[in-house]
Amino acid sequence: MKRNIVIAAVTAAALIGGGTATALATTGDDDPGTTRQSDVRASGGDDADDRDDSRDDDRGDDGGDDRDDAARASSAKVTAAEAVAAALREAPGTAVSAELDDEDGDDGDRERAVWEVDVLAGDGTWHSVRIDPGTGKVIGSETDDEDDTDEVRAALKGASVDAAEAAKAAAGRGTVTSVELDEDGHYGDGRAAWEVETLSSGKGEQDWRVGLKSGEVTADRSHHSGSDHSDDSDDSGSDDD
């Protein structure tokens with residue numbers, strides 16, 4: 001009788017608590033040393049928690065990066081070309097790249113958008129200049145060490161289109177979020193060019209190449225081979241030699 005009372009009590013507790021309980025019941029009053037386990041399982045316990053965790057994992061946050069890029073682009077009042085101009089006033093030379101990115105704020109744990117512009121000075125010194133995308137003011141500048149100085153200079157030899165002009169040329173496709181020199185010619189034609197990324201409503205992020213001599217904008221299929229940019233420009237080749 002006592003065993004039935006104990007099991008009933010534990011069962012009720014398990015149902016109320018929503019988990020699994022194990023009752024140790026005696027087989028009788030005369031043999032208190034002999035015990036057996038009675039497992040009581042109620043729905044909503046560990047298995048249900050595991051299912052909830054699995055659902056949380058499946059939801060994920062695949063669109064987080066895209067939303068962050070869109071937020072940065074929409075908040076930037078200073079264009080890529082303007083950021084390049086501001087950086088060159090701080091560190092004269094040739095702008096090789098400009099990217100709208102995030103950096104840690106002054107308090108150490110808050111991020112803020114910033115233009116990061118890499119400049120190659122005439123003496124071979126590299127400078128990384130940070131520009132406030134809201135005001136166009138320089139908020140920091142450091143000297144960098146790069147090992148591709150000769151390649152960059154060779155690629156830009158005879159070029160008539162600089163980074164700012166490349167950004168302006170691609171601005172008609174959307175908000176320019178980065179412009180960078182591709183000195184290796186990763187487009188398949190072996191020719192150096194400016195690589196430009198734009199962000200636009202309805203089309204998301206797109207990649208473009210701008211000729212170093214012609215300024216012609218063509219779709220960059222080396223990044224998104226399955227994308228369709230055929231309505232924007234003929235990308236069968238470049239007239240830059």
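The structure presented is a predicted model; accordingly, all values stated were derived computationally and were not measured.
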Could you pull out every donor-acceptor pair under 3.5 Å between side chains of residues 151-160 and any protein atom, sequence neighbours left out?
from	atom 1	to	atom 2	distance (Å)
R153	NH2	G122	O	3.1
S160	OG	K213	O	2.9

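For the pair E90 (side chain) and A87 (backbone), a donor-acceptor distance under 3.5 Å is absent. Put simply, the side chain of W115 gets close to the backbone of V78: a donor and an acceptor are under 3.5 Å apart. The backbone N or O of V161 sits less than 3.5 Å from a side-chain atom of W194, completing a donor-acceptor pair.
Between the CG atom in D207 and the OG atom in S178 there is a gap of 7.5 Å [rounded to 0.5 Å]. Annotation: the span from S214 atom OG to L212 atom CG amounts to 8.5 Å, rounded to 0.5 Å. Taken to the nearest 0.5 Å, the NZ atom of K77 stands 9.5 Å off from the OG1 atom of T135. Expressed to the nearest 0.5 Å, how far CG of D162 lies from NZ of K168 amounts to 8.0 Å. The structure places OG1 of T175 at 12.0 Å from CD of E205, a figure rounded to the nearest 0.5 Å.
Under the rule for a side-chain contact (heavy atoms from CB on, under 4.5 Å), the partners of S97 that lie at least two apart in sequence or sit in another chain are D118, E180. With sequence neighbours excluded, no residue forms a side-chain hydrogen bond (donor to acceptor under 3.5 Å, both in side chains) with S128. Partners of A86 by side-chain contact (heavy atoms from CB on, under 4.5 Å), not counting sequence neighbours, listed by chain and number: R89, I131. For the side-chain hydrogen bond (donor to acceptor under 3.5 Å, both in side chains) test, residues two or more places apart in sequence or in another chain that qualify with T149 are W126. Residues meeting the side-chain contact (heavy atoms from CB on, under 4.5 Å) test with A121, sequence neighbours left out: D123, T125, H127.
Among all heavy-atom pairs drawn from T198 and R173, the shortest one is OG1-O, 4.0 Å. For V179 against A163, the heavy-atom pair with the smallest separation is CG2-O, 3.9 Å. The nearest pair of heavy atoms linking R191 to R209 is O-NH2, 3.2 Å. Across every non-hydrogen atom of A81 and A164, the tightest pair is CB-O, 3.8 Å. The minimum heavy-atom distance between G174 and S200, with the atom names listed, is CA-CB, 4.0 Å. Scanning all heavy atoms of the two residues, the minimum distance from V196 to A170 falls at CG1-CB, 3.6 Å.
Side-chain contact between L88 and V117 is absent, with no heavy-atom pair separated by less than 4.5 Å.
Connection of V84 to V119 is established within a shared hydrophobic cluster, with ILVMFWY side chains joined at heavy-atom distances below 4.5 Å, either directly or through further cluster members. Grouping the Ile, Leu, Val, Met, Phe, Trp and Tyr side chains by contacts below 4.5 angstrom, directly or via other members, places V96 with V176.
Identified under the salt bridge (charged side-chain N to carboxylate O under 4.0 Å, His left out) test for residues 126-135, with sequence neighbours left out: E103-R130, R130-E142.
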